Structures are given as C-alpha cells and as structure tokens.
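As the structure is a prediction and not an experimental result, all values here were calculated from the model.
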Amino acid sequence: MGRGNRTWMREFILLGLSSCRETQISLFVLFLAMHLVTVLGNFLLLLLIRLDSRLNTPMHFFLSVLSAVDLCYTNSTVPQMLVHFLSARKSIPFSSCVLQLYASLALGGSEFFLLGAMAYDRYVAVCRPLHYTVTTHGGLCLGLAAGCLLAGFINSLMETILTFRPPLFHNVIDHFTCETLAVLRLACVDISFNRAMVATSGFLVIMLPCSLVLLSYGHIVAAILRIHSTQGRRKAFGICASHLAVVCMCFGATIFTYLGPRSASSVEEEKMVALFYVVVAPMLNPLIYSLRNRTLWLLSGKF
C-alpha cells in the first residue's frame with residue numbers, strides 16, 4: 001500500500017483560504033501588498049546594517065540574520081499562495097510540497113532559536129554592560145547563529161520524514177500551504193506515533209528557546225528593578241522592548257497553533273494563525289525593530 005501511495009501521489013491540491021473568486025482576487029491584492037512591504041522592509045534593514053558601521057553590533061548582527069530568515073521563510077510560501085489566488089487549479093508537485101514543508105519548518109524553527117539567542121544578547125547588554133563587547137564577541141555570535149540554523153534544519157528533517165512517511169488516502173490538503181498537521185490528516189493509517197513525535201519536536205523547538213527567553217528576561221527584570229532612576233529604567237527597558245514584542249508575537253501564535261486546545265474549528269484556526277505567522281509577522285518584525293531603534297529610524301529616513 002505504501003508503495004502504491006508513492007507511485008500515485010504525484011501532486012497535491014491545496015484548498016487555500018477561499019473558493020469564492022471575488023474573495024480570492026481581494027486576498028491577492030491584499031497579500032501582494034503585504035508581501036512587497038515585507039520584502040522591502042527586511043531588505044532595507046539588511047542594507048542599513050551592512051552599510052553603516054554604527055550598526056556593527058551583536059544585536060544588529062542577530063537582527064540581520066533574523067531578517068534574512070524572514071525573507072527566505074515568506075518567499076518559501078507566499079509567492080505560491082499568490083499564484084494560486086489567480087489559478088483555477090491549485091496544485092503543487094509532491095517533491096515541491098516536501099521541499100516547501102522542509103524549508104518552512106527549518107526556517108521557522110531557526111527563528112525561534114534565534115529569538116532565544118537574541119534574548120541572551122539582551123541579558124548581557126542589560127545585566128553585564130561592561131562585559132558586553134567582550135562576552136558577545138564575533139566568534140560567539142557567529143557560532144550561536146550557525147547553531148540556531150543547524151538546529152532548525154535538523155529538526156525540520158525529522159518532522160518532514162515523519163509527516164510524509166505514512167501512506168496517504170487522498171491528495172487534497174485543506175490549507176494554503178503544505179503544513180505538517182494538514183498533510184498528516186491525509187494519512188490512511190494510524191498516525192498516533194507520528195503526531196506524538198511531531199508534537200514532541202514542536203514542543204522542544206518552542207519551549208527550549210522560550211525557556212531561555214524567560215530565564216534571560218527574569219534576570220533583566222530583576223536588574224531593571226535595582227535601577228533607582230526612572231531614566232535608567234526606561235533606557236534599560238528600551239534595549240529589550242523590540243525583542244520582547246517580537247518574542248510575544250512569534251511564540252504566542254505558534255503555541256496557540258500547536259499546543260492549544262483542539263476544537264471543531266481548529267483547521268480554520270490553524271490557517272489563520274499560519275497566515276499571521278507567514279505574512280504578518282515577517283512584515284512587522286523590521287517595523288518593530290526600526291521604530292524602537294533611533295539609529296535605524298534616522299538612517300531609514302535618508303533612503
């Protein structure tokens with residue numbers, strides 16, 4: 001049965017977000033505009049960090065890696081979604097579906113680990129400012145970034161294998177992209193083990209960096225409370241505000257999707273949360289960091 005499944009399943013049909021033609025056209029215009037803002041914002045952020053020596057800091061190094069990951073992540077999904085809005089047949093080859101799932105899981109997981117590494121960077125900046133440049137040297141930052149990417153891609157490989165290993169009953173995916181839970185619903189055998197392993201993997205990818213974030217910000221809050229001047233507290237909080245906002249946005253959406261309670265409308269909820277994470281979050285990240293960073297804000301005004 002498994003062998004027949006591999007021969008027959010040459011492509012998947014994605015149901016997308018709506019079957020109404022007028023709605024699809026409206027969504028195409030909306031998401032095209034948002035995608036252009038995402039690409040322009042992240043590219044501009046990368047360009048500013050690259051060109052200005054004042055931004056040659058560990059924080060901006062991690063921010064540039066995060067922007068690059070966001071660019072790759074959104075481009076792994078959104079262009080195909082835009083094409084499907086204008087297509088009568090919303091199909092994707094089997095190999096492309098596997099590659100899309102692998103890329104999205106790898107880049108999404110890498111982003112979580114990067115947010116954890118950035119939390120450590122903020123901890124050193126606030127709690128040990130005199131040792132900041134020595135502790136977060138170039139070699140450490142490069143190693144942390146490489147480790148985050150490696151962890152994300154290794155985890156993605158395991159999840160992708162677990163997702164496509166069971167024989168599939170049909171090829172119609174109730175989603176706008178090749179997503180783990182949506183593909184697993186097509187299986188015609190018991191997938192309890194696959195679901196458990198995917199849930200465990202997702203839990204680790206979310207909770208390991210989340211634990212580092214909570215630990216880092218626990219020390220940061222304690223350090224801020226020891227500052228007596230109001231101006232000093234505001235300055236210390238300003239160092240972390242952008243990162244904290246992005247952390248709440250990214251971790252909150254994913255925890256709701258994969259660790260929240262199941263309901264009858266869980267499929268539609270997963271679509272909306274995935275849409276938020278694929279389209280909205282990568283668009284907001286450079287805006288949040290730029291608005292809270294005076295140097296970036298002033299430099300962006302020159303372009």
Under the side-chain contact (heavy atoms from CB on, under 4.5 Å) criterion, do His137 and Thr133 qualify, and how do the steps go?
CA-CA 6 Å; His137 53 85; Thr133 55; over 6 Å; no
Once rounded to the nearest 0.5 Å, what's the spacing between atom CD of Glu179 and atom OG of Ser104?
8.0 Å
Verify the cluster assignment for Phe62 and Leu150: are they in a single hydrophobic cluster under the rule of side-chain heavy atoms below 4.5 Å apart?
no
Does any part of the side chain of Leu17, heavy atoms only, come nearer than 4.5 Å to the side chain of Phe85, both counted from C-beta?
yes
Checking Asn42 side chain against Asp70 main chain: does a donor-acceptor pair fall under 3.5 Å?
no
Apply the side-chain contact (heavy atoms from CB on, under 4.5 Å) test between Val126 and each candidate in Ile227, Val221, Ile220; give the one that qualifies.
Ile220
Between Leu144 and Leu114, does the side-chain contact (heavy atoms from CB on, under 4.5 Å) criterion hold? Intermediate values first, please.
CA-CA 8 Å; Leu144 285 174; Leu114 279 170; over 6 Å; no
Before giving the answer on side-chain hydrogen bond (donor to acceptor under 3.5 Å, both in side chains), spell out for Lys90 and Gln24 the whole-Å C-alpha distance, their side-chain angles and the decisive distance to 0.1 Å.
CA-CA 12 Å; Lys90 300 172 176 55; Gln24 291 184 44; 3.1 Å; yes
In Å, rounded to the nearest 0.5 Å, how long is the span from CG of Asn155 to OG of Ser201?
3.0 Å
Shortest non-hydrogen contact from Leu115 to Cys250?
CD1-CB, 4.0 Å
How long is the span from the CZ atom in Phe61 to the CE atom in Met118, to the nearest 0.5 Å?
11.0 Å
All heavy atoms of Ser156 vs all of Tyr102, minimum pair found to be OG-O, 2.6 Å
Going by atom types only, do His243 and Asp121 share a side-chain donor-acceptor pair under 3.5 Å?
no
Heavy-atom pair of closest approach, residues Pro209 and Leu204:
CD-O, 3.8 Å
So, do Leu15 and Phe176 sit near enough that their side-chain heavy atoms are less than 4.5 Å apart?
no
All heavy atoms of Ala182 vs all of His175, minimum pair found to be CB-CB, 3.9 Å
Candidate pair Met249 and Ile288, rule side-chain contact (heavy atoms from CB on, under 4.5 Å), full reasoning:
CA-CA 11 Å; Met249 178 175 64; Ile288 292 173; 4.2 Å; yes
Linking I/L/V/M/F/W/Y whenever their side-chain heavy atoms sit closer than 4.5 Å, directly or via other members, would Val83 and Leu86 fall into one cluster?
no
Measuring only between side-chain heavy atoms, which start at C-beta, is Phe31 closer than 4.5 Å to Leu275?
yes
Please check this pair: side chain of Asn194 against backbone of Leu162, looking for a donor-acceptor N/O pair closer than 3.5 Å.
yes
Under 6.0 Å between ring centres: does that hold for Phe164 and Phe94?
yes
What about Val205 and Leu212, same hydrophobic cluster or not, with Ile/Leu/Val/Met/Phe/Trp/Tyr joined at side-chain heavy-atom distances under 4.5 Å?
no
Can you confirm whether Phe12 sits close enough to Leu186 that some side-chain heavy atom of one is under 4.5 Å from a side-chain heavy atom of the other?
yes
Any chance you could measure His219, atom NE2, to Arg128, atom CZ, to the nearest 0.5 Å?
9.0 Å
Would the distance check show the side chain of Thr136 and the main-chain N or O of Tyr132 forming a donor-acceptor pair, the cut-off being under 3.5 Å?
yes
Are the side chain of Thr135 and the backbone of His131 linked by a donor-acceptor contact shorter than 3.5 Å?
yes
Less than 4.5 Å apart, side chain to side chain, heavy atoms only: is that true for Ile224 and Arg226?
no
To check you understand the geometry: which heavy-atom pair defines the closest contact between Tyr217 and Ala119, and what is its length?
CE1-CB, 4.3 Å
Is there a path from Val172 to Leu101 through hydrophobic residues (I, L, V, M, F, W, Y) whose side chains come within less than 4.5 Å of each other?
no
How long is the gap from CE on Met81 to CG on Leu14, to the nearest 0.5 Å?
11.5 Å
Please check if atom CZ in Arg50 has more than 12 non-hydrogen atoms from other residues, nucleotides or ligands closer than 6.0 Å.
no
If Ile, Leu, Val, Met, Phe, Trp and Tyr residues are connected whenever their side-chain heavy atoms lie under 4.5 Å apart, and connections chain through other members, are Leu214 and Phe203 in the same group?
no
To the nearest 0.5 angstrom, please state how far the CG atom of Leu184 sits from the OG1 atom of Thr180.
6.5 Å
Which atom pair, heavy atoms only, marks the closest approach of Thr163 to Glu159?
OG1-O, 2.7 Å
Note, Glu111 side chain near Tyr277 side chain (heavy atom, < 4.5 Å):
yes
Please assess Thr38 against His35 for the test side-chain hydrogen bond (donor to acceptor under 3.5 Å, both in side chains), listing each intermediate value before the final yes or no.
CA-CA 5 Å; Thr38 299; His35 184 60; 5.4 Å; no
Side-chain heavy atoms of Val279 within contact of Thr74, under 4.5 Å
no
For Cys148, disulfide bond (SG atoms under 2.5 Å apart) partners two or more places apart:
none
Start with the C-alpha gap between Thr77 and Gln100, add the side-chain angles, then the distance that decides, and say whether side-chain hydrogen bond (donor to acceptor under 3.5 Å, both in side chains) holds.
CA-CA 7 Å; Thr77 302; Gln100 183 182 70; 4.5 Å; no
If you link ILVMFWY side chains whenever their heavy atoms are less than 4.5 Å apart, which other residues fall into the same cluster as Val39? By chain and number, please.
Leu46, Leu71
Go through the structure and list residues passing salt bridge (Lys or Arg N to Asp or Glu O under 4.0 Å) with Lys271, not counting sequence neighbours.
Asp174, Glu268
Tell me if a side-chain donor or acceptor on Ser26 pairs with a main-chain N or O of Glu22 at a distance below 3.5 Å.
yes
Would you tell me whether His84 and Ser87 have side-chain atoms, one donor and one acceptor, within less than 3.5 Å of each other?
no
So do Cys178 and Ile173 actually touch side chain to side chain, heavy atoms under 4.5 Å?
yes
